[in-house]
S.K.: 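Can you read through this structure? Questions will come right after.
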Amino acid sequence: MEVVLKGISYTEDQTIVALDAGCSAMKAIAYDGGIKKEAVIPSIVAPWGLISDDAQAEKAETETVEVCGKNYFCGDTPWIVSGSSMTTDLDDNWHTTKEYSALCLAAIKKLVHMGVPSLTNPLVIVVTSAGQFQVHRSKRPEVTVQTINGTVRAISHPMGAYFSYFLDDRGVPSRERLYRTNGKKRSFGIIEIGHCTTAFVLIREGAPIDNSFRSCEGMSLASDRLM
């Protein structure tokens with residue numbers, strides 16, 4: 001059976017996966033049949049290399065992915081094996097890099113190891129930065145679908161906080177939180193404070209205002225300045 005949600009078509013047997021590739025970690029959530037599973041992978045990617053320790057080599061296999069014919073370690077393995085603590089070099093166009101593709105594949109692979117089914121053709125929601133949403137809302141899915149076979153759509157960072165506010169655990173909207181007593185939809189100012197960036201957007205009577213998607217420095221820079 002086909003379902004249409006906010007203009008996105010998908011089938012009931014498709015697993016829904018959300019991917020948030022941040023400067024510190026790739027966060028992944030899979031939702032299938034009412035069951036939610038979460039995975040977090042440090043945003044560290046390094047070229048594959050031989051590992052002499054058998055136990056570590058076995059663990060590294062679950063964090064090894066292939067991009068454009070080359071193998072990469074992702075997550076904890078690069079840090080343990082090489083001592084590298086550097087995250088991927090992120091900029092406004094980092095979704096076009098091999099590192100981004102590697103982290104997407106690593107997230108799907110980890111969800112598979114966690115027992116999440118139906119990941120051969122999932123509905124994937126990718127999160128973009130608020131300040132770059134208008135630029136990346138089509139480009140990010142185009143790049144991601146070349147890495148992950150499935151249906152890919154994009155939302156902006158602060159919208160996740162908005163959805164978390166008015167949707168219950170089953171994904172059903174709360175009418176009390178969406179509507180005023182006079183029947184009109186409420187307006188919201190959404191501020192999402194993150195480690196590297198703070199994102200915000202204005203929701204006017206249920207509709208996001210396109211030119212209000214913005215972002216600025218996050219808690220890490222504020223903390224550094226206080227120090």
Side-chain angles (χ1 to χ4, degrees), residues 1-40 107 111 116 118 122-141 144 150-223 226:
M1 178 180 177
E2 187 178 77
V3 180
V4 178
L5 176 64
K6 292 283 186 180
I8 301 175
S9 297
Y10 66 99
T11 58
E12 287 188 324
D13 60 349
Q14 270 187 301
T15 297
I16 301 174
V17 176
L19 298 177
D20 181 3
C23 60
S24 59
M26 164 69 86
K27 284 81 71 179
I29 295 178
Y31 187 84
D32 177 76
I35 298 175
K36 183 174 71 174
K37 292 192 177 181
E38 303 180 25
V40 178
L111 291 173
V116 176
S118 306
L123 168 63
V124 181
I125 308 298
V126 291
V127 181
T128 75
S129 66
Q132 294 294 316
F133 178 60
Q134 296 304 324
V135 177
H136 291 167
R137 64 190 307 174
S138 59
K139 291 183 179 179
R140 183 71 64 89
T144 307
T151 303
V152 184
R153 295 292 184 268
I155 65 169
S156 176
H157 243 297
M159 294 303 292
Y162 174 59
F163 294 144
S164 294
Y165 174 73
F166 76 82
L167 296 177
D168 64 18
D169 291 340
R170 299 170 298 159
V172 178
S174 167
R175 182 173 181 83
E176 184 179 278
R177 292 189 171 186
L178 276 178
Y179 291 89
R180 300 178 183 275
T181 54
N182 62 6
K184 289 186 176 181
K185 285 189 174 181
R186 297 180 184 273
S187 296
F188 298 91
I190 312 298
I191 303 173
E192 183 182 41
I193 302 173
H195 178 71
C196 293
T197 58
T198 295
F200 42 95
V201 65
L202 174 64
I203 309 292
R204 182 174 294 161
E205 296 186 357
I209 305 302
D210 282 347
N211 63 7
S212 71
F213 286 98
R214 294 286 187 274
S215 58
C216 62
E217 298 168 350
M219 289 301 298
S220 59
L221 279 168
S223 175
L226 283 174

S.K.: Is a donor on one side and an acceptor on the other found under 3.5 Å between the side chain of Ser187 and the backbone of Glu205?
M.R.: yes
S.K.: Does some side-chain heavy atom of Pro208 sit less than 4.5 Å from a side-chain heavy atom of Met159?
M.R.: yes
S.K.: Check side-chain contact (heavy atoms from CB on, under 4.5 Å) between Leu202 and all other residues, then give those that pass, not counting sequence neighbours.
M.R.: Arg204, Ile209, Ser212
S.K.: Could you grab the distance from atom NZ of Lys37 to atom CD1 of Ile29, nearest 0.5 Å is fine?
M.R.: 14.0 Å
S.K.: List the steps, then state whether side chain to side chain contact (heavy atoms under 4.5 Å, CB included) holds for Ile203 with Arg186.
M.R.: CA-CA 8 Å; Ile203 309 292; Arg186 297 180 184 273; over 6 Å; no
S.K.: Drop me the distance from Leu167's CG to Leu178's CG, to the nearest 0.5 angstrom.
M.R.: 8.0 Å
S.K.: Assert yes or no for the condition that the ring centre distance of Tyr165 to Phe188 is strictly below 6.0 Å.
M.R.: yes
S.K.: Taking the side chain as everything from C-beta on, heavy atoms only, tell me whether Val201 gets closer than 4.5 Å to Glu192.
M.R.: no
S.K.: So, using ring-ring contact (aromatic ring centres under 6.0 Å, His included) as the criterion, who are the partners of Phe200 when residues are at least two apart?
M.R.: none
S.K.: Please identify each residue that fulfils ring-ring contact (aromatic ring centres under 6.0 Å, His included) with Tyr31, with sequence neighbours left out.
M.R.: none
S.K.: Which residues satisfy the side-chain contact (heavy atoms from CB on, under 4.5 Å) test with Val152, sequence neighbours excluded?
M.R.: Val124, Val126, Pro141, Thr144, Val145
S.K.: Give me the atom names and distance for the closest heavy-atom approach of Lys184 to Asn182.
M.R.: N-OD1, 3.0 Å
S.K.: Calculate, to the nearest 0.5 Å, the distance between atoms CD1 and CZ belonging to Ile125 and Arg153 respectively.
M.R.: 8.0 Å
S.K.: Could you measure the distance from the OG atom of Ser118 to the CG atom of Leu123? Nearest 0.5 Å is fine.
M.R.: 12.5 Å
S.K.: I'd like to check the side-chain contact (heavy atoms from CB on, under 4.5 Å) partners of Leu111; sequence neighbours left out, ordered by chain and number.
M.R.: Val17, Ala28, Ala30, Ala39, Met114, Val116, Leu119
S.K.: Looking at residues at least two apart in the chain, or sitting in another chain, which of them share a ring-ring contact (aromatic ring centres under 6.0 Å, His included) with Tyr179?
M.R.: none
